[in-house]
Number of protein chains: 2
Amino acid sequence: MLSFTEENYLKSIVQLTIFESTEREVGVNKLASCLDVKPATVSDMVKKLNAKKLVNYKKYGKVSLTKKGRKSGMMVIRRHRLWETFLQIKLNFSWDEVHDLAEELEHIYSEKLINRLDEFLDFPSFDPHGDAIPNADGEIFIPFRKLLSEAKVGDIVKIIAVKDNTKEFLNYVDKIGIVINDKIIIESKDNFNSLTTINIKGKLHVVSPRFTDNIFIVSPKFEKAKD
Amino acid sequence: MLSFTEENYLKSIVQLTIFESTEREVGVNKLASCLDVKPATVSDMVKKLNAKKLVNYKKYGKVSLTKKGRKSGMMVIRRHRLWETFLQIKLNFSWDEVHDLAEELEHIYSEKLINRLDEFLDFPSFDPHGDAIPNADGEIFIPFRKLLSEAKVGDIVKIIAVKDNTKEFLNYVDKIGIVINDKIIIESKDNFNSLTTINIKGKLHVVSPRFTDNIFIVSPKFEKAKD
DNA sequence: TAAAAAAGTTAGTTTAATCTAACTATTTTT
DNA sequence: AAAAATAGTTAGATTAAACTAACTTTTTTA
Ligand SMILES: [Mn+2]
Ligand SMILES: [Mn+2]
Ligand SMILES: [Mn+2]
Ligand SMILES: [Mn+2]
């Protein structure tokens with residue numbers, strides 16, 4: 001039905017208009033840089049996606065998802081995140097290895113396959129990077145979360161997801177010894193140099209925005225109940 | 001490295017020159033009909049595969065695999081059969097559903113992934129259709145087997161694999177109630193009409209070559225030891 | 001508000017994989 | 001050995017997804 005390429009466009013549009021912004025539309029240039037193609041290429045493709053009623057688009061306008069496009073894009077993300085979970089839980093891959101394989105596996109289209117996989121994994125809610133997994137209807141519940149950079153000195157926060165999924169980032173997270181759901185304390189901030197000192201299991205680490213802008217947290221006051 | 005298309009060509013050449021014939025070469029027309037494309041298309045592609053040292057070919061000649069091509073093709077078949085096994089054993093798909101999904105999964109190239117999958121499945125020797133699974137080096141041991149049509153009246157034979165993997169065939173096999181490793185008795189043969197009467201768990205079935213030419217068996221005298 | 005910058009489009013080209021139609025080579029039959 | 005049949009090749013066209021270069025529209029800035 002949809003080509004790999006079309007699926008990748010829809011996935012990127014979901015990411016840009018639902019996960020990473022409150023704006024429900026995106027420009028051709030931004031989409032092009034997200035997909036790592038030239039704007040001319042995107043111009044052509046969004047015309048095609050519009051004809052297929054997957055996006056709303058007219059010349060010189062912004063691109064937004066139709067209901068159908070949103071669902072298709074969400075299903076690609078569902079497949080991606082379920083395969084990542086499978087690779088980690090069942091085949092013992094580490095969280096920095098799963099993404100690249102999932103980029104390919106996500107394009108295998110079969111409702112039955114993915115729902116069986118979901119069941120096999122016991123209907124996981126989050127993937128190895130802490131990202132919510134859309135359900136079989138393409139709906140997703142994204143829990144309230146903030147960036148580590150928004151935390152205040154003295155806060156005790158829980159790490160619930162990583163924003164950057166590159167190997168370099170994940171390897172650094174591994175190196176300083178945190179995993180999803182760990183708690184850390186914001187010891188101090190150096191606003192002049194934009195540095196934050198955090199306490200991870202008693203050890204102090206000085207980190208820059210490259211780190212704090214890519215870690216999602218919940219802070220105590222948002223953690224309802226238990227604790 | 002290799003495109004989906006190139007992988008499919010190599011897979012078909014392995015099937016035609018190793019699994020289904022003792023001739024280690026195949027013509028352009030036969031390959032074309034196996035791949036369901038026109039001979040002109042194959043002519044172009046084998047030129048390309050030859051340039052990549054995956055096949056031996058020259059104008060108006062037959063096509064044969066190089067060592068490298070044979071290994072690549074075998075690895076596609078390894079992936080196909082391991083995914084089929086995964087789908088059946090872990091995700092509870094029936095044997096008539098696994099092939100189509102495996103046709104897509106087989107093209108996901110990662111040695112690590114496939115070896116982990118192999119391990120996860122406990123290094124299976126055969127896929128759901130009774131076909132041997134090539135090992136991590138692309139080597140395969142195909143057990144000695146005959147077709148059911150070669151069995152003699154009175155023989156008690158064990159079904160070890162199916163040759164035809166279509167849904168229609170597999171559904172028929174299910175319907176008459178046999179599974180791999182079951183034993184059946186050859187009750188009688190009607191040579192005029194090319195019909196064979198077989199005894200499956202006490203029940204008699206009259207079958208044509210459409211059935212007997214697509215069931216692989218071992219007959220008692222080839223079944224060494226146990227029993 | 002006019003000029004400059006940014007964003008987006010169009011036209012024409014490329015590559016991989018396919019096709020059709022016409023041609024050539026090889027093999028089989030008479 | 002010639003004719004007929006079969007097998008295989010070539011040339012030119014098509015499609016999807018990319019590109020570059022040139023152009024146009026929209027937005028920002030002065
Ligand atoms: Mn990922
Ligand atoms: Mn992820
Ligand atoms: Mn199969
Ligand atoms: Mn099989």
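First the proteins, then the strands, lettered A, B, ... as listed; each starts at 1.
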Polar side chain donor-acceptor pair, B:His99 to B:His80, under 3.5 angstrom: yes
B:Thr41 side-chain N/O to C:dC19 phosphate OP1/OP2 under 4.0 Å: yes
Under-4.0 Å side-chain N/O to phosphate OP1/OP2 contact, B:Asn29 with D:dA7: no
Residue whose closest nucleotide on DNA chain D lies nearer the 5' end, A:Lys38 versus B:Val28: B:Val28
For the student: nearest non-hydrogen atoms of A:Arg79 and A:Glu106, plus distance: NE-O, 2.6 Å
By the 4.0 Å heavy-atom rule, please label [X] as base, sugar-phosphate, or nothing.
X	result
B:Lys47	sugar-phosphate
B:Thr5	sugar-phosphate
A:Tyr9	sugar-phosphate

Aromatic plane relationship, A:Trp95 with A:His129 - under 30° parallel, 30 to 60° tilted, over 60° perpendicular: parallel
Plane angle bin for B:His107 and B:Phe4 - parallel if under 30°, tilted between 30 and 60°, otherwise perpendicular: parallel
Sequence neighbours excluded, every pair satisfying salt bridge (Lys or Arg N to Asp or Glu O under 4.0 Å) that has a member inside residues 50-74 of chain A: A:Glu6-A:Lys52
Which nucleotide in C:dT10, C:dC19, D:dC19 has an atom nearest any side-chain atom of A:Ala40: C:dT10
Nearest-angstrom distance from the residue atom [atom1] of [X] to [atom2] of [N]:
X	N	atom1	atom2	answer
A:Glu6	D:dA18	CD	P	10 Å
A:His107	D:dA16	NE2	C1'	16 Å
A:Leu31	C:dG8	CG	C1'	12 Å
B:Asp44	D:dG12	CG	C1'	12 Å
A:Lys62	C:dA6	NZ	C1'	11 Å
A:Lys58	C:dT10	NZ	C1'	20 Å
A:Met45	D:dA18	CE	C1'	10 Å

Listed once per pair and sorted, the side-chain hydrogen bond (donor to acceptor under 3.5 Å, both in side chains) pairs that draw on residues 206-216 of chain B, sequence neighbours left out: B:Ser149-B:Asp213
Distances under 3.5 Å between protein N/O atoms and the N/O atoms of nucleotides 24-26 of chain C, please, pair by pair.
residue : atom : partner : partner atom : Å
C:dA25  : O4'  : B:Tyr60 : OH           : 3.4

Salt-bridge present (A:Arg145, A:Asp131; N to O < 4.0 Å): yes
